Number of protein chains: 2
Amino acid sequence: MIDAAGLRVMKAIADEGSFTAAASSLGFTQPAISQMVRRLEQKTGTALVDRMGRQVRLTEAGEVLARHAVTVLSALDAAEEEVAAIAGLRSGRVRLMAFPSSSASLVPQALALLKRRFPEVTVRFSEGEPPESLAALRAGECDLAVAFAYEGTDVGRGEDLDAFVIRPLLDDEVRLALPVDHPLANSDVVDLSRAADEPWIAGCPRCRGHLVSLAYRAGFAPNVAFESEDYVAVLGLVRAGLGVSLVPDLILNSAPHEGIETRSLSPSSRRQIHAVTTEDLLRVPAVAATMEALEASAAAMRPVSTLRTP
Amino acid sequence: MIDAAGLRVMKAIADEGSFTAAASSLGFTQPAISQMVRRLEQKTGTALVDRMGRQVRLTEAGEVLARHAVTVLSALDAAEEEVAAIAGLRSGRVRLMAFPSSSASLVPQALALLKRRFPEVTVRFSEGEPPESLAALRAGECDLAVAFAYEGTDVGRGEDLDAFVIRPLLDDEVRLALPVDHPLANSDVVDLSRAADEPWIAGCPRCRGHLVSLAYRAGFAPNVAFESEDYVAVLGLVRAGLGVSLVPDLILNSAPHEGIETRSLSPSSRRQIHAVTTEDLLRVPAVAATMEALEASAAAMRPVSTLRTP
DNA sequence: GATGAGTATAAGCGGAAGTTATCGATGTGA
DNA sequence: TCACATCGATAACTTCCGCTTATACTCATC
């Protein structure tokens with residue numbers, strides 16, 4: 001019923017002492033104030049000002065409104081300022097979810113960049129493989145997901161990707177990891193079928209699926225001797241000579257890999273790393289800034305013009 | 001910039017979980033909410049809701065607004081309720097100023113009546129002779145004045161009475177007060193000139209002025225032996241035989257006057273008692289109620305059809 | 001009594017904000 | 001799997017609130 005504008009007017013009258021002064025202090029004309037007060041008076045059902053000749057004075061009810069005006073207006077200001085801080089990147093929180101093997105290099109770099117640019121933006125980071133992270137995004141539990149998709153597949157299987165904004169970040173080569181002394185290590189590019197009889201070490205479920213699919217196309221079914229979600233463990237197993245593995249190049253930039261050789265595959269295989277969010281969330285400045293930081297970090301990491309836009 | 005309506009909408013969305021539900025809870029249609037949110041978003045410069053498919057969720061900035069909405073809206077409600085209490089006579093304060101000789105009878109009765117009708121209305125009462133009370137009214141220091149004017153004069157001399165609302169309350173006969181054994185006490189009506197040689201006891205300055213003026217018209221200049229603003233003292237002096245006095249009838253209803261006789265004057269003299277306020281203040285319910293209580297008490301006090309409307 | 005300062009009122013206008021109608025997208029249930 | 005129900009977005013229209021301009025009126029002051 002009664003609104004902030006009315007309170008603002010009453011307060012201006014109380015402060016300035018006349019309708020005319022109140023009007024100019026609010027950037028209105030005098031009749032506007034006159035009408036506003038009249039409207040307020042008939043809404044509240046009592047006189048708010050006492051017009052004694054040419055000087056106006058607030059009545060008790062008028063004083064009440066002027067007094068409450070301070071509370072209401074300052075609460076409004078506080079709300080406005082808080083939102084303005086979020087809009088102006090002087091505040092804000094981003095919930096980021098990334099798959100584990102990105103946490104070591106791409107994400108830390110991006111977050112460092114973001115922190116440098118917008119120190120006040122806080123990021124809550126959690127790890128999650130693409131299916132989980134997209135589900136979290138859909139459920140409103142995170143704002144931005146870093147996910148990957150093997151060449152020829154989609155980021156999320158069975159998800160409607162139309163609802164998401166998907167930005168390519170990196171094009172990550174999948175390489176064959178071998179112990180240093182492995183016989184296959186003597187050629188630069190290894191045909192996958194030559195490793196048909198090797199024991200295999202698989203990564204995460206999707207990575208295992210990718211291996212199986214590649215092997216199928218190369219004409220064999222891989223003998224998966226071990227599997228681990230942790231690429232450090234995978235590389236350890238390879239180093240120990242317990243098998244070979246398919247490892248994204250990005251891993252090798254961050255995990256220690258002495259005692260391990262990697263070779264390009266033929267046919268080559270790649271995975272695309274994407275940042276995923278929604279159209280609305282991209283309009284949240286902190287989310288957009290994080291997205292940009294991810295894109296900038298990715299651009300700095302990859303060799304020039306390696307990225308294939310899907 | 002941002003107003004209470006916007007906050008109310010954000011809060012409704014937060015509470016109801018959808019635009020449609022928020023709309024019906026606020027009594028609007030769904031497009032109204034849709035547009036409202038869009039306006040808010042372009043005013044604040046950030047996304048406030050995340051439209052994931054057909055479910056909407058608030059963003060951080062949206063949550064901020066919904067959170068502040070509680071503060072702002074409850075402050076607005078508080079203001080409204082406080083004013084409504086004043087308008088509904090469940091609260092309110094009246095500053096009443098009355099001349100001393102009315103304080104004993106008319107005013108107490110009126111205030112008792114007011115208290116009976118509206119127990120929550122508080123009255124701050126102070127005494128003041130007409131010139132002061134009108135000045136206080138003009139200065140905004142009181143809301144309602146009980147003043148008197150001797151027949152043929154105005155309530156305030158030199159004041160512009162147009163600014164005031166003046167309501168007649170009582171028509172008070174001015175009587176001659178004598179010691180019981182005074183020779184003039186043997187006739188019902190006393191011609192003022194017969195008291196020309198008496199020593200006089202005068203009341204307040206205006207009353208003394210009235211005495212002088214009446215005496216002048218009766219052909220003598222009164223010998224004022226004593227004067228006192230306190231009518232109890234005046235009556236005491238009369239009782240002690242130190243002189244005679246002109247005393248309004250109203251006084252005799254409230255002050256003890258054993259040992260004193262009063263007689264009507266010829267030519268008769270009266271004073272009018274009025275309640276004075278401003279047009280605006282009369283629209284303040286508590287002031288109007290006090291005014292009515294005064295009028296009701298006055299009506300109860302006077303003999304039927306004694307009041308002369310000026 | 002003229003002037004200046006202040007408020008009230010009338011008339012008019014613009015735009016803000018609501019409504020209806022409709023579309024597109026998204027789950028849901030037969 | 002297709003139809004249906006639900007929800008949000010959009011467009012077009014309309015209404016009416018609230019501001020401005022213009023003017024009258026009141027009241028102090030010189």
Side-chain angles (χ1 to χ4, degrees), chain A residues 1-10 12-13 16-43 47-59 62 135 138-140 158-164 278-280 283, chain B residues 1-10 12-13 16-43 47-59 62 135 138-140 156 158-165 278-280 283:
Chain A
M1 176 185 175
I2 196 172
D3 62 339
L7 294 188
R8 184 171 285 118
V9 166
M10 290 310 294
I13 294 172
E16 306 289 336
S18 81
F19 283 19
T20 303
S24 78
S25 101
L26 293 177
F28 291 141
T29 57
Q30 169 267 315
I33 304 297
S34 214
Q35 297 171 42
M36 188 83 199
V37 171
R38 187 176 47 189
R39 280 195 299 271
L40 271 178
E41 287 185 332
Q42 57 200 33
K43 271 197 281 193
L48 299 176
V49 302
D50 183 17
R51 293 103 165 148
M52 270 298 312
R54 82 193 218 182
Q55 74 177 314
V56 293
R57 252 189 311 273
L58 298 192
T59 64
R138 182 175 301 279
E159 302 266 354
D160 358 310
L161 301 173
D162 314 9
F164 294 126
T278 69
E279 209 165 318
D280 281 324
R283 284 167 42 227
Chain B
M1 176 186 178
I2 196 171
D3 62 339
L7 293 188
R8 184 171 285 118
V9 166
M10 291 307 296
I13 294 172
E16 306 289 336
S18 80
F19 283 21
T20 304
S24 78
S25 104
L26 294 177
F28 290 142
T29 57
Q30 170 266 316
I33 304 296
S34 215
Q35 298 173 50
M36 190 84 196
V37 171
R38 189 175 47 188
R39 281 196 298 271
L40 271 179
E41 287 186 331
Q42 59 198 30
K43 271 198 281 195
L48 298 177
V49 302
D50 183 17
R51 292 104 165 148
M52 267 300 311
R54 83 195 219 177
Q55 74 178 316
V56 293
R57 253 191 310 273
L58 298 192
T59 65
R138 182 176 302 277
E159 303 266 354
D160 359 308
L161 301 173
D162 314 9
F164 295 126
V165 173
T278 70
E279 209 164 318
D280 281 324
R283 284 169 40 230

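Labels below follow one simple rule: chain letters A, B, ... track the order of the sequence lines, proteins then strands, and each chain is numbered from 1. Please read all numbers here as calculations on a predicted model, not as lab measurements.
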**Q.** Interatomic distance, B/Leu26 CG vs C/dA17 P [rounded to whole Å]
**A.** 15 Å
Q) What is the distance, rounded to the nearest whole Å, between atom CD of B/Gln55 and atom P of C/dA25? A) 18 Å
Q. So, is A/Ser34 close to the C/dT7 phosphate, meaning a side-chain N or O under 4.0 Å from OP1 or OP2?
A. no
Q. Rounding to a whole Å, what distance do you find between B/Glu279:CD and C/dT7:P?
A. 17 Å
(Q) How many whole angstroms separate atom CZ of A/Phe164 from atom P of C/dT26? (A) 11 Å
Q: Figure out the CG/P separation between A/Asp50 and D/dC27, and round it to whole Å.
A: 13 Å
Q: Indicate whether OP1 or OP2 belonging to C/dT9 is found under 4.0 Å from a side-chain N or O atom of A/Arg38.
A: yes
Q. Which one, D/dA28, C/dT7, D/dA9, comes nearest to the side chain of A/Thr20?
A. C/dT7
(Q) From the set D/dA11, D/dC19, D/dG8, return the single nucleotide nearest to any side-chain atom of A/Gln35. (A) D/dC19
**Q.** Atom pair CG (A/Asp3) and CZ (A/Arg39), whose distance is rounded to the nearest 0.5 Å
**A.** 9.0 Å
Q.
With a 4.0 Å limit, can you tell me whether A/Thr29 has a side-chain N or O closer than that to the phosphate oxygens OP1/OP2 of D/dC19?
A. no
Q.
Can you identify which nucleotide, out of C/dA17, D/dC7, D/dA9, has its nearest atom closest to the B/Arg39 side chain?
A. C/dA17
Q: Using the test salt bridge (Lys or Arg N to Asp or Glu O under 4.0 Å), find all partners of A/Arg51 that sit at least two apart in sequence or belong to another chain.
A: A/Glu41, B/Asp280
**Q.** B/Phe19 side chain, from C-beta outward: closest of D/dG8, D/dA11, C/dT7
**A.** D/dG8
Q. How many Å lie between CD on A/Glu16 and P on C/dA5, as a whole number?
A. 17 Å
**Q.** Length of the CE-P vector between A/Met52 and D/dC27, whole Å
**A.** 9 Å
Q) Separation of A/Gln30 atom CD from C/dG4 atom P, in whole Å? A) 18 Å
Q) Is there a side-chain contact between A/Ile13 and A/Leu48, using heavy atoms and a 4.5 Å cut-off? A) no
